[in-house]
J.: 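Have a look at this one before I ask anything.
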Amino acid sequence: MHIMKKCLAAVLTVLAGAVVPAPSFAQSANEIFYPMLVTRTGPFASAASGVSSGQQDYFALLNAKGGIKGIKIRWEECEFEYKTPRALECYERYRGQWKIVYPNSTPAIFSLADRLNQDKVLGINVAGGRSDSSDGETFPYLSPVMLNFWAQAASTIRYIAQREGGEDKLKGKKIAFIHIDNAYGRQPFPIFDALAAKYGFEWKSWPLAWPALEQSAAWVDIARRFRADWAVQWNYGQSCSVPFTEMTRVGFPIEKFVGTLWCGSEEDIAPAGDLAKGYVSANFHGVGQDFPVIKEILDVVYKSGKGNMEKDRIGTVAYNRGVINGIIIAEAMRHAVEKFGMPLTGEKVRDGFRMIKLDKARLKELGAEGLMPELAFSPTYHGGVDGQLYQQWDGKKWKTISDWVAPYEDVVWNEIKKSAKAYREEVQQKK
Amino acid sequence: MQTAQQHSVSSQQRVAREWRPATAARVQTDTVALGLLAAFAIVAPPFLGDYWLKGILIPALIFSIAALGQNIVTGYAGLISLGQAAFMAVGAFAAVIAYGRYQLPLPLSIGLGGVVSAAVGVIVGTPSLRIKGLYLLVATLAAQFLIVWLIQRVPWIGAGSAVTLNTPPVYLGGWLIDTAIKQYYLTLAIAALLTVFAWNLIRGRIGRAWMAIRDQDVAAAVMGISLLKYKLLAFMISAAYAGIAGSLIVFTWVGAANIQEFELDLSIQILGMVIIGGLGSILGSFLGAAFIALLPILISISMHKFYGLVGDHLVSAAVLANAERVVLGTLILLFLIAEPLGLARLWHRLSSSIDRSIAAYANRN
C-alpha cells in the first residue's frame, strides 16, 4: 500500500508541476498563431485525424513556400475527443488566440456558438453544423462553408431524378430513407417533404438507434414491404457499411442505393469489401493524389520529413477534406493580412473569409482545380448552398462518376430563411 | 453486493468518527479546510481570469450539483440510477423554454427546470418500488433513452432539426449576467444553497430514512418507514438537482440546450463521479466531479507541456492524445485501489490523522 501511495504521489506531483506555470502563447509579429481543435482518440478519430493532418500539411506547404506574405503559420493542437465540454475548455484555454474555430463536430459547434458570437470569432463546420448558418446576417460568426445538410439532401434527390431521366419521372416513385435517429440523421426531413410535395414521389423514414449496427429488420421492410425504388443512407462511421450485407440478403439492388457524403470515405466502406462494389455516395471534392497541390505536399513537405500523417493516407477522402479546409482558412487569413494587416484577430479573419472568391483561375493558381468546387462568400452568404459530386466504389477505391449536381436552391433557401427567422425569435432581446 | 459494500461504508464511517479524539481539536482540520475552501471560492475568482472560471470552475460546480443529486439517490438511498443526464436534459429544456419562450424571470425558470425534472424523476423512480440493484439500473437506462428520444420528437418543445434551443441574454432582475465572473457567482450561490439543503436533508429524518432503506429495506419497512414515500422522494430530489444543473448549463455555461450533450455517456460519467468521490458523502460528490471533469484537462495540459518540451519528432500528437487516456485510466485504478470507498474517505483519513497529531501535541504540552 505504501508503494501505491508513493506512485500516486509521484504521478500527481508530476502533473501538478507541469501545470503550475501558466501557459503562455506569445505571438510574434512575424507569425500567425493558429490553435486548432482536433480529435485523435475515440470512435471518430479515424476520419477526424486525417482532416486535421491534411490541414496541417497544407499549412506546412505554405510555410515552406514562404508563408502568407512572408508570415508563417504556427499551429497548436488541442485534443477534445469529440466531447463538447472538452471543446469548451479548449476554447477557453486559447481564448483570444483563435483565428477560425473548426472542431469538425456538429455538437461542439452548437455549444461554442454563443462564445463565438461574443468574442467575434468565426466558427466553421464544413458540410455540417447549422444548415441555416448559410445566412451570414443572422449568423455573423458561423458558417457551413460548403454544402449544408439541406443542400446535400436536395442534391441527392436531383441526382436520383437525373438517373431516372428527369424530375417528371419521380412521380409515384418510392424512396426509402435509412438514417441515424439523431439531429444529423433527421436534417433532410424538411427538404424531402418539400420535394416530395413538388415532384410527387413518396418517401419514408427508417430511423436507426445509434450506433446502428443492427439494420436487418429495416432492410427487410424496405425491400419486401415498402418495395422501395431507391434507398438513401444517412449513416455515420461504422454503420455506413452495415447496409451492404443486409441488401445482399434481401436482394435490394446496390445500383439503386445512394449514400450521404458522410458515408463516402474509404474508412467507412473498406470493411464491407467486395459487397460494396458499385456503391455510389456523394462527395464535395476530388479524391486521390492526382492534384497539383497534393503532389506538391508530397514533394515539399514529406520529402523533408515534415509531414503530419502516415504517407499512405494521403489522398484519402478525409485527408483531401483537410487540405481543402486548409486552403479555405489560409485564403481567409491571406485576405485579412492584405486588407487589415497584422496582428490577426478573429474578426479580421472573419471579414477575410467573407472576401473569399475561389474562381477557376484562383483554384488553378492554388493547384486545387478539380479538387474542390468554386466558392464565393459575402457578408450575407456564408456558403453552403452548393452541388455535390457522386463517386462510385470499385472495391478498392473511389472513382468520381458525375459532374457537380446542384441542389434545388429555391427549396433550400426557403428552409434556411424559415429556420433563421425562428432562431432570431428565440434569442430576441428580453425586455 | 451493493448492499454489502454500503454496509461497510456506514460502519467504517462510524469507526472514523470514533477515531477522532473528543477534544477541542476534533473539528479543527475539517473546519479549517472548509473555511479555506469557502474563502477561496468567494475571494479568489476575480483574480483568476476567465479561463479558470469558464473553463474549469463553472463546469466543475455544475457537475458537482448533478453528482450531488446522483449521490442522494445512489449513495444515500441505495437506488442505483443511470438517468441523471436525461434529467439534466429535462431541466435544461424546461428552463430555456420557460425563460426564452414564456419570458419568466430567471430564478423562476431555473426553479421550474428543477420542478419539471423532479416530476419526471418521480415517474422514472416508480419501478424502484418493485425492483432494485441491476434491474433498477436497466429500468433507469431505458428512461435515459426514452427521455432523450422524446425531447427530440415532441413538436411542442420546438428544438428544430438541430435539437438545440438558444437562450436570450440572461437577466437576473435588471442585472445582465454576461461576464464569466457574474456567471460564476450565480452558479456558486446556487451550488452553495443546494449543498446546504442536501446537508440538512441528510442529517434529518429523511436522510436517516434513506440510509435505513439503503442498508436493509425490509427492516426499514418493518420499522415503519414508508418505502413508497422515501424512495420516490429520493428520485424526486435527485432529479431536481440534475434539472437545476441542466438549467445552469444553459444559463451560465454554454448558452444553449443541445440534446447531444445529455447522452448516456454523461450519465455514466456522473455515476463514476460519485463512485470515485465516495458513495454517501456530500464532499465525495464534489471531489468526484472534480476528478472526472478536471483531471483529464490537467493531464492534457501537462502532456502539452511535455510535447512542447520534446518537440514533435519523438512522439506524434496522436500517441500523446491517446496517452492521456491511459494516464487517466491508471489514476482511476490507483485511487480506487488506494481507497475503494472513494476520495472523500481518503480525505477523512488524512484529516483525522492531522487531528490526532494536533491532539497528541496539545496533550503533551
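We name chains A, B, ... by the order of the sequence lines, and we start the count at 1 in each one. For clarity, every value in this text was computed on a predicted model and none was experimentally measured.
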J.: Examine whether an atom of A:Glu425 lies under 4.5 Å from a heavy atom of chain B, and if so say whether it belongs to the side chain, the backbone or both; otherwise answer neither.
T.: neither

J.: Hey, are A:Arg86 and B:Glu324 close enough for a salt bridge, meaning a charged N less than 4.0 Å from a carboxylate O?
T.: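 Result for this pair is yes, salt bridge flagged.
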
J.: Could you walk me through whether A:Glu426 and B:Thr167 pass the side chain to side chain contact (heavy atoms under 4.5 Å, CB included) check?
T.: CA-CA 7 Å; A:Glu426 212 172 280; B:Thr167 170; over 6 Å; no

J.: Counting heavy-atom pairs closer than 4.5 Å to chain B, which one of A:Thr41, A:Leu88, A:Thr39, A:Asp132 comes out on top?
T.: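 Of the options given, most contacts go to A:Thr41.
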
J.: Out of B:Pro296, B:Pro59, B:Gly174, B:Gly255, return the one with the most heavy atom pairs under 4.5 angstrom to chain A.
T.: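 Answer, by heavy-atom pair count under 4.5 Å with chain A: B:Pro296.
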
J.: Side chain from CB out, backbone as N, CA, C, O: work out which of these in B:Trp149 comes under 4.5 Å of a heavy atom of chain A, or both, or neither.
T.: side chain

J.: Counting only heavy atoms closer than 4.5 Å, note whether A:Ser111 contacts chain B via side chain, backbone, both or neither.
T.: both

J.: Just verifying a value: how many Å separate B:Gln260 CD and A:Tyr184 OH, rounded to the nearest 0.5 Å?
T.: 11.5 Å

J.: Sequence neighbours left out, what pairs pass salt bridge (Lys or Arg N to Asp or Glu O under 4.0 Å) with at least one residue falling in residues 37-47 of chain A?
T.: A:Arg40-A:Glu77

J.: Measuring heavy-atom distances to chain B, does A:Pro207 have an atom under 4.5 Å in its side chain, in its backbone, in both, or in neither?
T.: side chain

J.: Start with the C-alpha distance between A:Arg93 and B:Ile301, add both sets of side-chain angles, then the distance that settles side chain to side chain contact (heavy atoms under 4.5 Å, CB included), and finish with yes or no.
T.: CA-CA 9 Å; A:Arg93 208 192 289 177; B:Ile301 294 179; 3.4 Å; yes

J.: Let me confirm one number: the CZ-CG distance from A:Arg95 to B:Asp50, rounded to the nearest 0.5 Å.
T.: 4.5 Å

J.: Does a donor on one side chain and an acceptor on the other come within less than 3.5 Å for A:Arg130 and B:Thr164?
T.: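 Side-chain D/A pair, A:Arg130 to B:Thr164: absent.
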
J.: Identify which part of A:Tyr423 has an atom lying under 4.5 Å from any heavy atom of chain B, answering side chain, backbone, both or neither.
T.: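 The side chain, not the backbone.
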
J.: Please look at B:Asn258 and chain A and tell me whether the side chain, the backbone, both or neither of the residue comes under 4.5 angstrom of a heavy atom of that chain.
T.: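 Side chain only.
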
J.: B:Tyr51: what forms a side chain to side chain donor-acceptor pair (under 3.5 Å) with it, not counting sequence neighbours?
T.: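 B:Tyr51 satisfies side chain to side chain donor-acceptor pair (under 3.5 Å) with A:Glu89 only.
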
J.: Using a strict threshold of under 4.0 Å (side-chain N to carboxylate O), is an ion pair present between B:Arg153 and A:Asp181?
T.: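 Result for this pair is yes, salt bridge flagged.
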
J.: Find the distance between CZ (A:Phe110) and CD (B:Glu261) and round it off to the nearest 0.5 Å.
T.: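 It is 11.0 Å, given to the nearest 0.5 Å.
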
J.: Find the distance between CG (B:Asn166) and CZ (A:Arg424) and round it off to the nearest 0.5 Å.
T.: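 Going from CG on B:Asn166 over to CZ on A:Arg424, the span is 13.5 Å.
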
J.: To the closest 0.5 Å, what do you measure between CH2 (B:Trp253) and CG (A:Asp114)?
T.: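 These two atoms lie 13.0 Å from each other.
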
